[in-house]
Amino acid sequence: MDKKRVVIIGGVAGGMSAATRLRRLNEEFEIIVLEKSGHVSYANCGLPYYLGGVIKHESSLLLQTPQSLLQRFNLDVRVNNEVISIDPQNKELTINDINKNSLYQLTYDKLILSPGASPVIPSIKGVENAFTLRNVEDVEKIFKEVTRKPNNAVVIGGGFIGVEVAENFIHKNISTTLIEATPQVLAPLDPEMASIVADEMQQNGVKLILQDSVIEITKNEVILKSGQRLDSELTILAIGVKPDISLAQSAKLEIGTRNGIKVNEFFQTSDPDIFAIGDAVEKEDEITKESTLIPLANIANRQGRVVADYISGKNIRTASNLGTAIVKVFNLMVASTGWNEKRLIAAQRNYVAIHTHPNNHAGYYPGAKQMSLKLLVDKQTHEILGAQGVGVDGVDKRIDVIATAIKAKFKAYELADLELSYAPPFGSAKDPVNMLGYIAENALNKTVELAQWHEIEELIKSGYVLVDVRTKEEYDQNDLPGSINIPLDELRQRHQEIGSKKVLIHCQVGLRGHTASMLLNQLGYEAKNLSGGFLTWRNSPAASKMSYQK
Ligand SMILES: Cc1cc2nc3c(=O)[nH]c(=O)nc-3n(C[C@H](O)[C@H](O)[C@H](O)COP(=O)(O)OP(=O)(O)OC[C@H]3O[C@@H](n4cnc5c(N)ncnc54)[C@H](O)[C@@H]3O)c2cc1C
């Protein structure tokens, strides 16, 4: 071999980023990309939208072809070429040319694995009757079923892909039920945020079945553990993905504790000439620096570029990962970054949770829409541990700013110091992110103590009186059970009616409750403000436990 040959397995997000960057940096390399499906550089993130007709043409999903990649980047891209095994001693691959149905060998100097993650297929009776969605061939099969106009469909799994597919089936007027085994959809969210998403799905016609699981799938039925039988002419299985480690195992490369390919900071596997990137590898968690799995496109693309830089002898920056993600659910934007509260509780971390419900832009400017934001902060170090947002508009920019702040190691209260762009149609002079910083500062230095929706019961048992400081009209419309109403503007005159020095204050979103708590504290009370107020409680499992009707 005269030229240095780099072979890349997997021609989509990570693999193709690596290939094109390698070419830009090294005109003299021989670069071969092996892809087992019939397409390279396809937009897997766009696949669900093709099903619903939002993306109208399949060709829009195909960003490049082997011919275009040859022409522009001089890449030797071989689709329908599946790597069967790796022989690291001889630096040789065995490849099945699927079209010719013949095996051949190919040697490499450097090998990059970017085989992605494959759908988890549980051992359910009749599972072969369900479709999974990973690549263009999968979407073509499902699309064919959709064009037959099925009367009903069942989507198994309430993760990102399941939720996106369910929405797109509704766009096609298919009566759709989504089954999720846990009590909520979208695991990265905490329950009081996920319930907003569940409401949106139901209001748009998705039938949601939570806390039930599938025991059998037939050609036209899905049977649940609870005994329910659902008509289903089209069943989609989307219960998660797992790193595709089969090739790595064939090469006896080290597999990590989370069952992904183990790599060092240069994306080198246990064989220094074999690199691995993307969904198949374990990443470093930004919060704990421990191994984690995050199957997201941004990370795969970035890793593709970095590994190309390293192989080209450039200095590289390593980065740990937060798992910042966003999904559209009908009219909602749903985004998250870092850890959620469920995970912090499980890890026994000492944290503060902050909820707000600000407008996307100045309330007086037409079209303002309320969103729900949640911030999680380490009580000792004041580091930002995670954030979640759900709303019609403006959630993406707030979560992205917070994700950037986490990377920059800002303390939570420093969010108050950020100078963010503002004019009435776009934001507020005190942006929602600034407000989170103010609330964090007040909570961390104990200007006002926050209470959480899941602490209300305990606090009342320990002698706290629940005081609603909203107006009488708001209280009459919907009240938090057990609360007494003293509107904020009357609190100075009427606080003696509380009858206890321990007070749990709440208002609609937490803002008036904050003022009330500060007033009562100065009058000698021990006041806590309910984080996110009535709205957060209303969306929480505490409200559903009391059969509260929204
Ligand atoms: C339906 C869907 C929607 C998604 N939406 C989003 C989103 O909105 N946002 C987001 O951040 N992420 C999204 N993702 C995830 C994102 O697509 C992945 O994180 C990203 O593509 C991972 O890149 P990768 O290079 O590791 O693997 P992939 O992009 O999956 O590429 C791996 C390729 O390797 C090929 N391959 C595997 N084994 C072999 C072999 N032995 N020989 C040859 N080729 C092989 C596969 O055929 C595949 O094409 C979505 C994924 C899907 C399936």
Side-chain angles (χ1 to χ4, degrees), residues 7-19 32-52 55 61-63 77-86 93-98 106 111-120 131-139 142 155 157 159-165 168 188 236 238 240-251 260-261 263 267 275-281 283 293-305 307 321-329 333-336 396:
V7 178
I8 298 169
I9 304 177
V12 192
M16 208 41 84
S17 291
I32 302 174
V33 180
L34 301 165
E35 168 56 51
K36 72 175 172 187
S37 77
H39 304 274
V40 278
S41 248
Y42 54 85
N44 29 19
C45 307
L47 299 176
Y49 301 99
Y50 176 56
L51 293 175
I55 295 174
L61 300 168
L62 307 173
L63 309 177
V77 178
R78 306 180 189 177
V79 293
N80 295 314
N81 274 244
E82 178 174 10
V83 180
I84 304 295
S85 63
I86 304 169
L93 307 174
T94 300
I95 301 158
N96 179 19
D97 183 331
I98 296 168
L106 184 74
L111 178 65
I112 302 174
L113 306 179
S114 192
S118 40
V120 173
F131 294 86
T132 53
L133 179 57
R134 181 184 178 184
N135 57 27
V136 177
E137 282 81 355
D138 295 336
V139 90
I142 302 170
V155 177
F160 289 110
I161 296 177
V163 163
E164 286 178 345
V165 169
N168 279 283
I236 306 292
V241 296
K242 58 178 192 331
D244 200 333
I245 56 171
S246 50
L247 275 181
Q249 281 173 321
S250 86
I261 304 172
V263 290
F267 300 105
F275 297 79
I277 53 173
D279 287 1
V281 306
K283 284 112 193 154
L293 295 173
I294 307 177
L296 288 172
N298 168 294
I299 301 174
N301 276 285
R302 182 183 180 279
Q303 292 186 340
R305 180 186 161 100
V307 80
N321 299 114
L322 278 167
T324 308
I326 188 161
V327 63
K328 171 184 174 300
V329 185
M333 290 181 177
V334 182
S336 66
D396 50 349

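Counting starts at 1 for both ligands and their atoms, following the listed order. Numbers here simply count residues along the sequence, with the first being 1.
Distances below 4.0 Å separate heavy atoms of Gly14 from the following atoms of ligand 1: 23 (O), 24 (P), 25 (O). The ligand atoms of ligand 1 that sit less than 4.0 angstrom from a heavy atom of Pro295 are 15 (C), 19 (O). Taking every non-hydrogen atom of Leu247 and a distance limit under 4.0 Å, the qualifying atoms of ligand 1 come out as 41 (N).
The part of Ala300 lying near ligand 1 is the side chain, judged by heavy-atom distances below 4.0 Å.
On a distance-only criterion, Asn44 and ligand 1 share at least one N/O pair closer than 3.5 Å. For ligand 1, the polar-atom distance check against Leu296 finds a nitrogen or oxygen pair separated by under 3.5 Å. Looking at Ala280 next to ligand 1, no N or O pair under 3.5 Å apart turns up. At least one N/O-N/O distance between Tyr42 and ligand 1 falls below 3.5 Å. Considering backbone and side-chain N/O of Ala117, none are found under 3.5 Å from N/O of ligand 1. Considering backbone and side-chain N/O of Lys36, one or more are found under 3.5 Å from N/O of ligand 1. Annotation: Ser114 places an N or O atom under 3.5 Å from an N or O atom of ligand 1; distance criterion only. Among the atoms of Val83, some N or O lies under 3.5 angstrom from an N or O of ligand 1.
Selection from Asp279, Ile95, Ile161 by nearest heavy atom to atom 18 (C) of ligand 1 gives Asp279.
Residue Asn298 qualifies as open at atom CG: its count of foreign heavy atoms under 6.0 Å is 12 or below.
Checked by atom type and distance alone, the side chain of Arg134 pairs as donor or acceptor with a backbone atom of Ala117 at under 3.5 Å.
Heavy atoms of Asn81 come nearer than 4.0 angstrom to ligand 1 in at least one pair. Within the 4.0 Å heavy-atom cutoff, Asn135 does not count among the residues contacting ligand 1.
For atom 12 (N) of ligand 1, the nearest non-hydrogen atom of the protein is Ala297 N, 3.4 Å. The closest protein non-hydrogen atom to atom 47 (O) of ligand 1 is Glu35 OE2, 2.6 Å. Closest protein heavy atom to atom 37 (C) of ligand 1: Pro115 O, 3.4 Å.
Of the options Ile142, Val165, Leu61, a side chain to side chain contact (heavy atoms under 4.5 Å, CB included) to Leu47 is made by Leu61 and by none of the others.
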